[in-house]
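The next block holds one structure in the form of structure tokens; read it before the comments.
These numbers come from a predicted model, not from an experiment. Naming convention: chains lettered A, B, ... in sequence-line order (proteins, then strands); numbering from 1 in each chain.
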Protein chains: 2
Amino acid sequence: MAYRRSPLMQERLADNRERIVLATRKLIARGGFREASIAAVAQLVGLSTGAIYRYFPSKAELFVEVLTNAVSHECGILNDIIAGDATATERLRAAVESFASRALEGPHLAYAFIAEPIDPEVDAARIVCRRQFGAVFEKVLRAGIKSGEFAPQAADVTAACIVGAFTEALIRPVTSTSTPAEARKLVRAIAEFCVRAAVGGGAPAATGAARSPRKKA
Amino acid sequence: MAYRRSPLMQERLADNRERIVLATRKLIARGGFREASIAAVAQLVGLSTGAIYRYFPSKAELFVEVLTNAVSHECGILNDIIAGDATATERLRAAVESFASRALEGPHLAYAFIAEPIDPEVDAARIVCRRQFGAVFEKVLRAGIKSGEFAPQAADVTAACIVGAFTEALIRPVTSTSTPAEARKLVRAIAEFCVRAAVGGGAPAATGAARSPRKKA
DNA sequence: TATATTTGTGAATCATACTTCACTTCTTCA
DNA sequence: TGAAGAAGTGAAGTATGATTCACAAATATA
């Protein structure tokens, strides 16, 4: 024999792989899938296009990895928040604010993950991701409904609506960039929107019992 | 001279043009922009690909026309609803339900119009469209806030969130088709979500105000 | 009907990426 | 050091789909 991967080499390869994923994510964050061509990724990493294919069998699979990586990371953060012991309202608010403010930093990324279509294979992965996001929010919602904090409602639909709500609200500033202060205000407003929708008229008489329960039910 | 468009010819051309737009819309509704290639459009209309270019200088401009057409039609309907004299709550609910149920018929269409990116030129048109939708909802929101029916809130953000909420909620079924009955239920749930968010729990959208019980779980 | 002009055709052309591959360069180890 | 094998290169190969263009068909006047 005459060649076997040394640990050093092993590490370098793993490093390359990671840098490819990172570069891809960066490009997607910058300008959506459109910007993340293999050529662009290769250039950013400092490799040739051909080399990319030594690490990933296809562009689609690379995207899927970027997608699932980022989403599972994101879901981890959200789950931590939601596993806390504050009221459901507070947890929901915190989760939305957390997600939204991070999404604001790379709006195209959040957007791409949630909505942008490119390829059946990636789309399939995205559906799973959306479900994951939805599931996280659904968890707090059910807790809040059970405790009476939130109005009775279809938790799955509400979860989807919440994901959609901040997606849309965040897409807008993609085009007309705003100041950090404005961004903060936006995030707050979005979180309030989601909390209001979840709480509905079903909040147990507390601060604002001024209003009689909404019809619905 | 030896040729001038006869009125009949004029009409036929106008008809062709309209059929091109219709066919494009149909294809987009069926499977997003992906399905609406020039070749597919041409085939559906019964013309050659080349002929399409006699009516539209480029695919992008064709898409922009389809987009603005559909959106202005949609906004017309919504504006009628919103101009009614029911309560702001009822008008908002009706508007959301109307939009959502129509969108459900061609989910890819609504989706494509609101989110799917393809081309800078089309994207630009879409931004305008989104603003239009937002503006319509903003109108009822402001009315409701003014009348005290709705909690004080950033009407523009809420409007965006509402658009986003049903976009997302509608995208889900794109993948897993459901029965008409389920669709009706979904539409109702989405509308309720939006109404709850607009109405609020009665407490003005104060940020961290501890709302109540700490049931935990 | 003859002719100028316009509309319609569809194969060829162009553009843009993804993917492959013959080849070079680098690593490892006897 | 040198041979075996892996990693890296980037131009060529493909695929897809928009756009063009030389030509045919149709239409309107004299």
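- One interatomic measurement links the two molecules: CD1 of A:I52 to P of C:dT19, which rounds to 12 Å at whole-angstrom precision.
- Summarising the geometry, atom CZ belonging to A:R91 is positioned 14.5 Å from atom OG belonging to A:S98; distances are rounded to the nearest 0.5 Å.
- Rounding to whole angstrom units, CD of residue B:Q43 and P of C:dG10 are separated by 12 Å.
- Ion pairing between a basic and an acidic side chain is recognised when a charged N comes within 4.0 Å of a carboxylate O; B:E138 and B:R142 show such pairing.
- As rounded to whole Å, 13 Å separates atom P of D:dA18 from atom CZ of B:F33.
- Between B:N16 and C:dT7 there is no side-chain N or O to OP1 or OP2 distance below 4.0 Å.
- Note on A:R54: every side-chain N or O is 4.0 Å or more away from OP1 and OP2 of C:dT19.
- Backbone-only contact: B:S37 has heavy atoms under 4.0 Å from sugar-phosphate atoms and none from a base.
- For B:E65 and B:R17, the salt-bridge test passes: some basic side-chain N is under 4.0 Å from an acidic carboxylate O.
- Put simply, CG on B:L47 is 10 Å from P on C:dG10, counting in whole angstrom units.
- Residue B:S48 places none of its side-chain N or O atoms closer than 4.0 Å to OP1 or OP2 of C:dG10.
- Mapping A:M9 and B:M9 onto DNA chain D by nearest heavy atom places A:M9 closer to the 5' end of the strand.
- One atom, CZ of B:R34, and another, P of D:dG17, lie 8 Å apart when rounded to the nearest Å.
- The two residues B:R196 and A:A198 make their nearest non-hydrogen contact at NE-O, 4.4 Å.
- Nucleotide C:dT7 holds its C1' atom 15 Å from the CZ atom of B:R17, rounded to whole Å.
- Atom P of nucleotide C:dA17 and atom NZ of A:K59 are separated by 8 Å, given to the nearest angstrom.
- In this entry the distance linking CD1 of A:I38 with P of C:dT19 reads 6 Å, nearest Å.
- Residue contacts for B:Y55: at a heavy-atom cut-off of 4.0 Å it reaches the sugar-phosphate backbone alone, with no base atom in range.
- Positionally, the nearest nucleotide of DNA chain D for B:P57 lies more toward the 5' end than for the other of B:R12 and B:P57.
- Counting only distance, with no hydrogens or angles, the side chain of B:N79 and the backbone of B:C75 share a donor-acceptor pair below 3.5 Å.
- The side chain of B:L13 lies closest to C:dT7 when the candidates are D:dA7, D:dT9, C:dT7.
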